[in-house]
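Everything on this sheet refers to the single structure shown next.
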There are 2 protein chains.
Amino acid sequence: MAGKLNLDKLDYQIIQHMMEDAEISYADLGKKLFVSGGTIHVRIKKLQEMGIVKGTRLAVDTHKLGYTVIAFIGIYLEKSSLYDSVAKDLMKIPEVVRLNYTTGNYSMFVEIACKDINQLRFVLHDQMQKIKGIERTETLISLEESLNRNIQVATTEG
Amino acid sequence: MAGKLNLDKLDYQIIQHMMEDAEISYADLGKKLFVSGGTIHVRIKKLQEMGIVKGTRLAVDTHKLGYTVIAFIGIYLEKSSLYDSVAKDLMKIPEVVRLNYTTGNYSMFVEIACKDINQLRFVLHDQMQKIKGIERTETLISLEESLNRNIQVATTEG
DNA sequence: ATTGAAAGAGTCTCAGT
DNA sequence: ACTGAGACTCTTTCAAT
């Protein structure tokens, strides 16, 4: 399956640090990890070539941007073979930010981000209910996000 | 509540572009959006001061790093007043990457990232079951992530 | 593989508009 | 507010180890 990685402690430390803050300079990160800036550069280049590092992204406070209503929707399909078709329709809804095919209670699990409850209602009733193949849905509205963090790789050793 | 934002189309275009790729230079992004690099710089600085932009993060392929098992856990609490205490215990588990307090079927909703099914079982049976206040849990294992994207702000107009 | 220094590219500041 | 140019900082390359 997945090829062997052969990453060492330094690689994992670089990944961990820059997942949390990619603005630090190679020189400064090198100082923290007791190597030169040039070594940080070489390692990041290697991680990019391996496809592990995929670039950098601006971190944005979505709540401050007005997306105050986060909801998770569990979806029951009429037939599980309808997954691809339903997924395609769901992706057309801009408020849908995440979509997983799951085992367990639901066949699909979706996350949506809306600006208010009216927009949530619109997405649920006017957009999702029209999609062919959805039997019914269950909505969980997030009242509070207590944690949203990266995976913890720094202690991994190969 | 939330103060008025007063962002214009250019602000939203900058946010949208850099949420997807923060490596582009201000000069190049300015060319795309028909302003100078200096203007991009001023806008980003403003967005940082407003707390909307919170920095940049390294984007990593967690699947390639070995975290192949993503699961969502719905949690039923014995009493909903136990939320804070249970949340505190859940945060101690490194595999827990996200934690929401929710309305609907479950009281809490958790996402975990594991390297294999055995680690998932360990987290579920040995770590989560020992937490006081959890009545029972339901697990959804993600068989496929079809979509994981940012919110779409580019068409917003203030 | 790592280092340190030079070359190249990007950010940041500011005077002018 | 936006621009463009200069000062400054960071990334990237490379010869030496």
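Computed from a predicted structure; not experimentally measured.
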(request) Please check the phosphate of C:dT13 (OP1 and OP2 only) for any side-chain N or O of B:K45 closer than 4.0 Å. (result) yes

(message) Under 6.0 Å between ring centres: does that hold for B:Y101 and B:Y106?
(response) no

(request) Identify which nucleotide among C:dT3, C:dT11, D:dC10 has an atom closest to any side-chain atom of A:T39, counting heavy atoms from C-beta outward. (result) C:dT3

(message) Between P on D:dT3 and NZ on B:K31, what's the gap in Å once rounded to a whole number?
(response) 13 Å

(message) Output the rounded distance in Å from CG (A:D28) to P (C:dT11).
(response) 17 Å

(request) Would you kindly give the CG-to-C1' distance between A:L10 and C:dT3, to the nearest whole Å? (result) 14 Å

(request) Please state how far atom CD in B:Q48 lies from atom P in C:dC12, giving the value in whole angstrom units. (result) 8 Å

(request) Find the distance B:L29:CG to D:dC2:P and express it as a whole number of Å. (result) 14 Å

(message) Mind checking if B:V35 touches a base, just sugar-phosphate, or nothing, with heavy atoms under 4.0 Å?
(response) sugar-phosphate

(message) Measure NE2/B:H41 against P/D:dA7 and give the value in whole Å, please.
(response) 17 Å

(request) With the side chain of B:Y26 defined as its heavy atoms from C-beta on, choose the nearest nucleotide among C:dT11, C:dT2, C:dT13. (result) C:dT11

(request) Inspect the contact between A:K46 and A:D11 and indicate whether a charged nitrogen and a carboxylate oxygen are less than 4.0 angstrom apart. (result) yes

(request) Indicate yes or no for a side-chain donor-acceptor contact from B:T103 to the backbone of A:I141 under 3.5 Å, with no hydrogens or angles considered. (result) yes

(message) In this structure, how many angstroms lie between the C1' atom of C:dT11 and the CE atom of B:M18, rounded?
(response) 11 Å

(request) Examine B:L99 and A:F72 and state if one hydrophobic cluster contains both, with Ile, Leu, Val, Met, Phe, Trp and Tyr joined whenever side-chain heavy atoms are less than 4.5 Å apart. (result) no

(request) Using atom CZ of A:R43 as one end and atom C1' of D:dT13 as the other, report the distance to the nearest whole Å. (result) 18 Å

